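These notes concern the structure reproduced below.
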Amino acid sequence: MRAEAILKYASALLAWAALFLGLAHAQDVDLDRQIEQVRAELSTDPAGTGPALLAGLERRIESASPRQRVEIELIRIRHFALTEDMREGAERAIALSRQVMDVDQKISALRLSANLSIESGDDQSAFTLLGEALSLLDQTDSITDKVSVFGLASVFHSRSGDTNLAVDYATRAVDSARSGDNPRIKCGALVFLAHAYRFQGQVELAEEQVAEAMPHCQRSGDQIIIAGFRTLIGQLALARGQLEQARRQAEQVGELSQGIYSNGEIDSVLLLARIELLSGNHQLARDHYRWLIDRIADSERLERLAEALDGAAEASERLGDLAEATRLYQRFIETRQRHLSRARSMRTAQLTVQFDHQRRAQDIVLLREQQRAAELAEQNRSRQQRLRTFVLICGGVIVLLLLIWLLRALRERRHFRRLSDKDGLTGLFNHTRFFKQLDQELAHHHENGLALILADID
């Protein structure tokens with residue numbers, strides 16, 4: 001009875017344990033789904049239901065696994081940076097990248113921190129973080145990570161003036177994206193390549209990438225990516241002189257970005273201002289440019305600020321306000337110099353890190369050569385030791401053979417000596433031994449008498 005009671009008790013414990021593990025697993029799966037839902041909502045509807053869903057997700061963070069907590073924190077940082085402060089968002093992402101251990105999450109944190117560092121003007125940190133992310137890509141099979149990191153590297157090199165390297169990285173992003181079937185990833189990769197070609201001045205190649213990207217971007221459902229895609233179409237249309245098409249794209253970008261994506265809003269107004277300027281609507285163009293100048297004067301968006309100052313100065317000149325135009329041109333020159341200085345700093349950061357990587361690579365080569373030399377020396381010592389061992393063994397064998405030969409010669413000598421002294425039939429001393437023995441006896445008994453008895457025994 002006691003054994004049966006123990007068995008029932010153990011079975012009950014196992015049943016409760018299984019139930020508990022099943023519930024825990026179900027909660028993990030449910031939270032993973034919620035995380036993906038919030039990430040998708042913040043991409044497709046950043047100003048709508050996304051923030052409310054994020055708040056609900058944050059309330060469950062205490063019951064989340066360590067990996068789930070990192071995913072939630074990445075979402076929080078990205079949303080915070082887009083809506084409030086990119087520089088602080090970059091600092092948070094950098095801190096997170098130093099804490100996580102999983103390679104894919106580390107790449108995500110590094111990519112996010114590098115992106116935010118670029119947007120906030122910290123080029124040295126951006127390039128260093130990008131280098132770290134690139135060095136980890138061999139350890140992951142994630143298409144998303146590869147496309148995002150290669151694309152971000154393309155953006156950095158485009159801004160630093162190394163357009164050939166920008167195209168190379170963007171091409172790698174496209175190659176990675178084509179190995180999967182995610183429309184959002186394919187759209188982003190092709191947009192990266194189109195931007196790289198645009199920076200090179202190859203408008204036709206850029207338009208080819210845009211045409212290929214269009215169906216993927218339309219299926220992506222990512223509002224920010226679609227805004228960036230339409231901005232690119234508007235810029236290419238403007239370069240072709242197609243003002244009405246550029247205007248339509250700029251207005252759509254403004255609607256998509258309103259209140260959720262500041263860079264999209266700024267790019268939209270920049271396009272509209274340029275379109276109005278080229279259309280002869282100088283006052284409206286100046287109003288747009290003034291709004292932009294007020295909006296980004298204290299930011300690190302130096303390229304956009306310089307473009308706005310240049311456009312405002314041109315509009316003021318066309319309106320006959322020469323004093324305003326002179327003042328704006330002066331600010332444009334100063335901002336342009338700051339922008340070029342930043343581009344040089346980006347290039348310097350790139351070259352510095354490349355030099356550091358080359359030096360480390362040379363150090364690695366030197367260490368490998370030293371290791372190889374040590375291995376060769378050890379192999380040489382081993383061969384010499386084997387040779388000495390072989391010589392010693394051969395010498396020992398030769399000495400042993402000589403000893404054997406000597407012993408055999410001595411034995412044969414004694415044998416032949418016995419044969420030379422005795423009769424082979426009777427075993428008695430023979431005639432030769434008789435006279436030898438007689439000579440010895442005569443020499444020994446020279447002073448004493450000696451008797452010799454002869455007998456015939458036949």
Side-chain angles (χ1 to χ4, degrees), residues 66-67 70-71 73-74 77-78 81 86-87 89-180 182 185 188-189 192-193 195-196 343 345-372:
R67 182 175 177 82
V70 172
E71 292 297 327
E73 186 61 23
L74 284 169
I77 291 172
R78 182 174 182 271
M86 284 193 178
R87 186 177 293 275
E91 293 174 357
R92 291 186 185 182
I94 292 171
L96 183 63
S97 71
R98 304 306 180 220
Q99 298 171 9
V100 297
M101 298 301 293
D102 292 347
V103 172
D104 60 331
Q105 290 186 325
K106 193 174 188 68
I107 291 173
S108 296
L110 287 169
R111 182 187 71 232
L112 178 58
S113 57
N115 190 10
L116 298 177
S117 294
I118 291 174
E119 293 299 330
S120 60
D122 190 355
D123 304 317
Q124 182 70 47
S125 295
F127 196 72
T128 302
L129 293 163
L130 259 180
E132 290 185 46
L134 287 166
S135 68
L136 293 174
L137 290 184
D138 290 338
Q139 302 178 38
T140 182
D141 295 325
S142 170
I143 295 175
T144 301
D145 288 338
K146 291 181 179 180
V147 170
S148 300
V149 174
F150 286 143
L152 191 57
S154 174
V155 171
F156 184 93
H157 290 293
S158 289
R159 294 186 179 183
S160 68
D162 194 345
T163 56
N164 290 330
L165 194 54
V167 169
D168 179 62
Y169 274 120
T171 302
R172 294 191 204 180
V174 171
D175 291 340
S176 299
R178 284 173 177 162
S179 64
N182 188 320
I185 297 301
F192 283 134
L193 185 54
H195 272 299
S345 73
M346 294 175 76
R347 183 61 176 163
T348 301
Q350 173 189 347
L351 294 175
T352 300
V353 175
Q354 286 178 345
F355 175 77
D356 186 51
H357 285 174
Q358 290 174 355
R359 181 178 58 79
R360 290 182 183 178
Q362 290 173 350
D363 290 342
I364 291 172
V365 171
L366 180 60
L367 288 172
R368 287 176 178 170
E369 291 297 326
Q370 291 175 346
Q371 183 180 2
R372 179 62 179 165

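All values reported here derive from a predicted model rather than from experimental measurement.
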Applying side chain to side chain contact (heavy atoms under 4.5 Å, CB included), run through Ile143 and Asn182 and close with a yes or a no.
CA-CA 9 Å; Ile143 295 175; Asn182 188 320; over 6 Å; no
Scanning both residues in full, the closest heavy-atom pair of Ala177 with Val147 reads N-CG2, 3.6 Å
Side-chain heavy-atom pair Val155, His195 within 4.5 angstrom cut-off
no
Within a strict 4.5 Å, meaning less than it, do heavy atoms of the Leu110 and Ile107 side chains meet?
no
Could you check whether any side-chain N or O of Ser154 sits under 3.5 Å from a backbone N or O of Phe150, counting only pairs where one atom can act as donor and the other as acceptor?
no
Could you tell me which non-hydrogen atom of Glu132 sits nearest to which non-hydrogen atom of Arg98, and how far apart they are?
OE1-NH1, 2.8 Å
Nearest 0.5 Å, please: how far is CZ in Arg172 from CG in Asp168?
4.5 Å
Taking all atoms of both residues into account, what is the closest heavy-atom pair of Ala189 and Val174, and its distance?
O-CG2, 3.5 Å
Residue among Val149, Leu130, Leu134 satisfying side-chain contact (heavy atoms from CB on, under 4.5 Å) with Tyr169
Leu134
Would you check if Leu116 and Leu112 make a side-chain contact, meaning some heavy-atom pair closer than 4.5 Å?
yes
Can you check whether Gln99 reaches Leu96 side chain to side chain, under 4.5 Å on heavy atoms?
yes
Nearest heavy-atom pair of Thr140 and Lys146: which atoms, and what distance?
O-CE, 3.3 Å
Taking atom CG of Asp141 and atom OG1 of Thr144, what is their separation to the nearest 0.5 Å?
12.0 Å
Of all heavy-atom pairs between Ala173 and Gly151, which one has the smallest distance, and what is that distance?
CB-N, 4.0 Å
Is there a donor-acceptor contact under 3.5 Å from the side chain of Ser148 to the main chain of Asp145?
no
For a quick test of reading the model, state the closest non-hydrogen atom pair linking Asn115 to Leu152 and the distance between them.
N-CD2, 3.5 Å
